[in-house]
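Written out below as structure tokens is the structure these notes cover.
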Amino acid sequence: MNQTAKTVLATVGIGIVLGVLVASAVIYSGLFNVAATVEDAPPLRWVLVATREASIRRHARDIQAPPPGMAGQVENGFRVFREACAMCHTPPGRPATPMTQGLNPEAPALAELVEDMSDAELFWATKNGIDSPACPPGARRTTTRRYGTWSHS
């Protein structure tokens with residue numbers, strides 16, 4: 001192995017060790033404030049959103065969403081949304097609820113998200129929910145497990 005390769009490997013190794021040390025210091029020192037009253041820094045928010053979007057794309061790429069339901073299913077889907085989701089995910093044209101205003105991270109506006117999602121991505125996210133402490137498991141999974149509802153209107 002020549003001197004340049006050794007230097008590159010040593011530099012990469014030192015970088016990895018320093019990265020682990022810095023990450024450990026941040027994790028175990030308590031410097032990172034996890035309070036829900038503190039807004040996440042923009043870089044962290046970007047990482048979380050980018051991770052969510054990439055995960056949905058990856059997990060939905062090989063599934064076929066069922067066809068949208070008939071009128072009764074669509075109405076049932078709206079009813080389930082109003083009962084299980086609307087308290088956090090403000091419906092289009094409605095003012096934010098006090099609960100929505102207090103969430104951190106805030107619940108995304110689903111009507112805006114669906115514009116950029118394929119049917120497979122929307123179905124996967126609806127069926128599986130998004131892992132978030134702000135979204136209780138029952139609310140995440142109510143739509144398809146309890147009612148078998150799927151609508152993308």
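As the structure is a prediction and not an experimental result, all values here were calculated from the model.
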(request) Answer whether the closest heavy-atom distance between the side chains of V38 and F32 falls below 4.5 Å. (result)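 SC-SC contact between V38 and F32 ruled out.
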What distance do [X] atom [atom1] and [Y] atom [atom2] have between them, rounded to the nearest 0.5 Å?
X	Y	atom1	atom2	answer
D116	E53	CG	CD	7.5 Å
T37	N33	OG1	CG	6.5 Å
T51	I56	OG1	CD1	11.0 Å

(request) Quick one: do R52 and V49 satisfy side-chain contact (heavy atoms from CB on, under 4.5 Å)? Show the steps, please. (result) CA-CA 5 Å; R52 179 191 71 215; V49 170; 3.7 Å; yes
(message) Whether the side chain of H59 engages the backbone of S55 through a donor-acceptor N/O pair (distance < 3.5 Å, no angle test) should be reported.
(response)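 The answer is yes, because a donor-acceptor pair under 3.5 Å joins these two groups.
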Sequence neighbours excluded and cut-off under 3.5 Å, please list the side-chain donor-acceptor pairs for residues 9-21, or say none.
unit_1: T11; atom_1: OG1; unit_2: T7; atom_2: O; d: 2.7

(message) Regarding E75 and R82, does a basic nitrogen lie under 4.0 Å from an acidic carboxylate oxygen?
(response)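 Salt bridge present between E75 and R82.
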(message) Taking CZ in R58 as the centre, count heavy atoms belonging to other residues, nucleotides or ligands within less than 6.0 Å. Is the count above 12?
(response)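 Open: at most 12 neighbouring heavy atoms sit under 6.0 Å from CZ of R58.
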(request) Indicate the atoms forming the closest heavy-atom contact of P91 with A86, along with that distance. (result)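 Residues P91 and A86, closest heavy atoms: CG-CB, 3.8 Å.
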(request) Check step by step if side-chain contact (heavy atoms from CB on, under 4.5 Å) holds for E121 and R61. (result) CA-CA 8 Å; E121 291 169 345; R61 70 177 173 213; over 6 Å; no
(request) Determine, using the 4.5 Å side-chain heavy-atom cutoff (strictly less than), whether V26 and V34 are members of one ILVMFWY cluster. (result)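 They do share one cluster, since a chain of ILVMFWY contacts under 4.5 Å joins V26 to V34.
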